[in-house]
Amino acid sequence: MSTAEAGTGRTLTTDIPARLDRLPWSRWHWTIVIGLGTVWILDGLEVTVVGNIASRLSEPGSGLDISSGQVTGVAAALYVAGACLGALFWGRLTDRFGRKNLFMITLAVYLAATALTAVSWEAWWFFLFRFLTGFGIGGEYAAINSAIDELIPADYRGRVDLIINGSFWLGAVGGSLLSIVALDTGLLAKDVGWRLTFALGTVLALVILLVRRHVPESPRWLLIHGRDREAEEIVSGIERRVEEERGEPLPAPEGELEIHQRKSVTFLEIARTVFGRYRRRAVLGFSLFIGQAFLYNAITFGFGAILTTFFDVPSGHTGYYFAVIAVGNFCGPLLLGKLFDTVGRRVMISSTYLLSGLLLFGTAWLFDRGSLNAGTLTACWCAVLFFASAGASSAYLTVSEIFPMETRAMSIAFFYALGTAAGGISGPLLFADLTGTGRVGDTVLAFCIGAALMCAAGLVAAFLAVRAERRSLEDIARPLTAVAGRAKAAAQGTRPSRGTPGSPGSGPTAPPAASRP
């Protein structure tokens with residue numbers, strides 16, 4: 001690593017990104033996965049529990065004067081609004097002040113808000129802390145996805161990101177089963193069971209917070225913010241641990257990067273980068289998030305009403321069916337994740353979107369013919385969501401790796417907020433009317449709308465998805481702070497980088513990714 005003073009910052013030549021990407025999988029990487037990824041289990045637990053205990057909260061003796069409609073309507077909308085605002089607010093701070101600072105703060109906000117939800121005694125208190133819980137969890141998406149992608153080696157980034165985002169559904173399984181226990185008045189009093197479910201979320205969040213203390217700041221973020229000595233110390237420490245674990249030296253890294261360090265990037269520069277220089281990638285991000293949001297709402301928003309209305313499933317038993325669906329959702333990223341790193345992003349993203357959309361069209365056709373019962377409909381949903389979950393998880397992966405380092409967290413936040421707003425606001429407004437009428441044709445229409453948007457997103461991905469598999473983040477989207485080439489480096493008085501684009505012997509660094517879709 002070498003540095004040279006240049007204007008308001010320093011010009012630095014470094015091989016740290018290449019050193020991180022050439023690391024083999026190790027116990028240290030499992031620490032990252034556990035410390036950062038398990039929060040999605042909490043998110044799945046949180047969302048599912050609230051939906052399933054809505055009827056108990058509205059009963060006399062629950063300790064809270066609130067209706068079921070307020071829980072699934074007002075409280076759910078506030079949670080979504082909090083998540084959208086939190087993503088944008090914390091996303092900006094994540095790019096400015098660092099990944100670690102923010103993934104500690106956002107989890108602390110979530111932990112405190114969940115704990116205070118458990119002691120709700122008035123509806124307004126419940127609403128306030130549902131909003132703040134969402135506010136914390138929204139920030140987690142930006143801070144966690146950016147940190148994971150910057151710490152996980154390029155060869156494993158796709159599968160790890162998919163499985164972590166898909167672990168939301170493990171929480172959904174736990175939430176479904178936990179709500180069954182919480183609603184059993186033979187075990188817990190009406191005003192105790194639902195409070196304990198929120199208290200459990202608090203305990204789990206506290207454990208994760210303790211584990212996160214050992215997760216370092218992203219060395220990539222440190223580099224561009226003038227803290228290259230810290231970055232070097234962190235990466236050297238990781239390398240020592242991995243070499244001790246393997247009992248052999250690591251291979252030499254390939255390629256270097258030359259950057260001009262800066263403290264911050266303006267909103268205007270972020271907007272110009274995402275919607276100007278990378279506008280085709282922005283279209284891809286919009287399409288992926290909107291498609292998955294509407295497909296999921298076409299199925300999951302009214303699944304309980306569909307089962308009870310058309311198949312006479314008791315309302316107290318719908319949690320079992322949802323648990324089955326949730327297992328199918330988690331299996332998709334778990335079993336297909338590796339293919340996103342081997343077969344490739346473009347093929348896998350487009351095919352998972354298209355397959356899930358086509359399967360939902362088939363489910364709509366069978367439902368319209370009266371060929372399904374509660375069990376076979378759930379099986380169809382499992383098949384649809386097996387592919388849809390891998391596709392939806394790849395949407396988060398996509399927007400976290402196809403934009404420059406300096407805009408990463410804000411890009412994740414923006415597209416997450418867009419998808420969450422579409423899925424949590426316009427989706428329920430549309431699908432509640434369709435699935436709530438009790439008419440087969442209206443429910444079929446809901447399925448077809450979700451399927452059509454998912455297929456449309458799959459077609460967009462077939463043309464615009466970026467071939468990011470096994471490529472360095474700096475190769476996929478050159479940092480805004482990167483020096484353009486050897487001539488500029490020489491003019492600034494620093495040695496030319498061996499990884500300078502166009503130079504002989506360059507490693508994984510490529511021409512500016514703006515020339516690619």
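Predicted model, so just to flag it, every value in this text is computed and none were measured.
- With hydrogens and angles left out, the side-chain atoms of Y141 and D43 include a donor and acceptor closer than 3.5 Å.
- Closest approach of G91 and A413 over heavy atoms only: CA-CB, 4.1 Å.
- With a 4.5 Å cut-off on side-chain heavy atoms, S218 and L223 do not count as touching.
- Taking E140 as the reference, R212 meet the salt bridge (Lys or Arg N to Asp or Glu O under 4.0 Å) condition, with sequence neighbours excluded.
- Side-chain contact between F97 and W90 is absent, with no heavy atoms from C-beta onward closer than 4.5 Å.
- Between the side chain of K338 and the backbone N or O of G158 there is no donor-acceptor pair closer than 3.5 Å.
- Shown here are the side-chain contact (heavy atoms from CB on, under 4.5 Å) partners of V343, two or more places apart in sequence or in another chain: L339, V347, M348.
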- CA sep, side-chain torsions, deciding dist, call: L336, F387, side-chain contact (heavy atoms from CB on, under 4.5 Å): CA-CA 8 Å; L336 299 178; F387 295 103; 4.0 Å; yes
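- For the residue pair N165/D161, the side-chain donor-acceptor check at 3.5 Å is satisfied.
- Of all non-hydrogen atoms in F447 and A364, the two that sit nearest each other are CB-CB, 3.7 Å.
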- Item | Evaluation steps, side-chain contact (heavy atoms from CB on, under 4.5 Å), between C380 and L359 | CA-CA 8 Å; C380 288; L359 287 170; over 6 Å; no
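- Across every non-hydrogen atom of S411 and V274, the tightest pair is OG-CG2, 3.6 Å.
- Partners of E244 according to the salt bridge (Lys or Arg N to Asp or Glu O under 4.0 Å) rule, which considers only residues two or more places apart in sequence or in another chain, do not exist here.
- The backbone N or O of G276 sits nowhere less than 3.5 Å from a side-chain atom of R272 that would complete a donor-acceptor pair.
- Counting only residues at least two apart or on different chains, no side-chain hydrogen bond (donor to acceptor under 3.5 Å, both in side chains) pair has a member in residues 382-395.
- Interatomic distance, OG1 of T481 versus NE2 of H225, reported as 9.0 Å (0.5 Å rounding).
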- Go through L23 and L250 one step at a time and tell me if the side-chain contact (heavy atoms from CB on, under 4.5 Å) criterion holds. CA-CA 7 Å; L23 290 173; L250 292 168; 3.6 Å; yes
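- Side-chain contact check for R241 versus S26: every heavy-atom pair is 4.5 Å or farther apart.
- The OG1 atom of T13 sits 9.0 Å away from the CD1 atom of I259 when rounded to the nearest 0.5 Å.
- Here the CZ atom belonging to R240 is positioned 13.0 Å from the CH2 atom belonging to W28, to the nearest 0.5 angstrom.
- Between W40 and W169, the ring center distance fails the sub-6.0 Å criterion.
- Ring centers of F89 and F135: under 6.0 Å apart, within the cut-off.
- Closest approach of P24 to V242, counting heavy atoms only: CG-CG1, 3.8 Å.
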- Apply the test salt bridge (charged side-chain N to carboxylate O under 4.0 Å, His left out) to residues R19 and E239: give CA-CA distance (whole Å), side-chain angles for both, the deciding distance (0.1 Å), then the verdict. CA-CA 8 Å; R19 288 161 65 187; E239 290 172 331; 2.9 Å; yes
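- There is no side-chain donor-acceptor pair under 3.5 Å between T11 and E258.
- No side-chain heavy atom of F414 sits under 4.5 Å from any side-chain heavy atom of F403.
- Partners of I41 according to the side-chain contact (heavy atoms from CB on, under 4.5 Å) rule, which considers only residues two or more places apart in sequence or in another chain, are T38, S167, L170.
- Counting heavy atoms from C-beta on, the side chains of P17 and L473 never come closer than 4.5 Å.
- Between S146 and A409, the shortest heavy-atom contact is OG-CB, 4.1 Å.
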- Message: Please determine whether side-chain contact (heavy atoms from CB on, under 4.5 Å) holds for the pair F340 and R159, giving the CA-CA distance in whole Å, both sets of side-chain angles, and the decisive distance to 0.1 Å.
- Response: CA-CA 7 Å; F340 284 77; R159 72 196 78 176; over 6 Å; no
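- Two rings, from F289 and Y416, have their centers 6.0 Å or more apart.
- Judged by distance alone, the side chain of Q292 and the main-chain N or O of G391 form no donor-acceptor pair under 3.5 Å.
- The aromatic rings of W25 and Y156 sit tilted, their planes meeting at an angle between 30° and 60°.
- Separating the CG atom in L12 from the OG1 atom in T14 is a distance of 5.5 Å, to the nearest 0.5 Å.
- Taking D21 as the reference, R220 meet the salt bridge (Lys or Arg N to Asp or Glu O under 4.0 Å) condition, with sequence neighbours excluded.
- Sequence neighbours left out, not one pair with a member in residues 229-258 passes ring-ring contact (aromatic ring centres under 6.0 Å, His included).
- The closest side-chain heavy-atom distance from R345 to E401 is below 4.5 Å.
- A heavy-atom distance below 4.5 Å is found between the side chains of R281 and I476.
- Among V39, I137, I105, I208, the single residue meeting the side chain to side chain contact (heavy atoms under 4.5 Å, CB included) criterion with Y110 is I137.
- Looking at E243, its side chain never comes within 3.5 Å of a backbone N or O of E248 through a donor-acceptor pair.
- Within the structure, salt bridge (charged side-chain N to carboxylate O under 4.0 Å, His left out) pairs that include any residue of residues 378-395 do not occur (at least two apart or interchain).
- Remark: L42 CG to L204 CG distance equals 5.5 Å, nearest 0.5 Å.
- The two residues D15 and G255 have their closest heavy-atom pair at CB-O, 3.7 Å.
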- When you look at T342 and E469, which way does the side-chain hydrogen bond (donor to acceptor under 3.5 Å, both in side chains) test go after all the steps? CA-CA 7 Å; T342 54; E469 60 276 5; over 6 Å; no
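- With values rounded to the nearest 0.5 angstrom, R277 atom CZ is found 9.5 Å from T407 atom OG1.
- L257 is listed as a side-chain neighbour of R478, based on a closest heavy-atom distance under 4.5 Å.
- For the side-chain hydrogen bond (donor to acceptor under 3.5 Å, both in side chains) condition, no pair includes a residue of residues 349-358, sequence neighbours left out.
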I'd like a table of donor-acceptor pairs (distance under 3.5 Å, sequence neighbours excluded) in which one partner is a side-chain atom from residues 323-333, with atom names and distances.
unit_1 : atom_1 : unit_2 : atom_2 : d
N329   : OD1    : Y296   : OH     : 2.6
N329   : ND2    : I325   : O      : 3.0

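- The salt bridge (Lys or Arg N to Asp or Glu O under 4.0 Å) check on E150 picks up R99, R408, with sequence neighbours excluded.
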Enumerate donor-acceptor pairs with a distance under 3.5 Å from any side-chain N or O in residues 454-468 to protein atoms, sequence neighbours excluded.
none

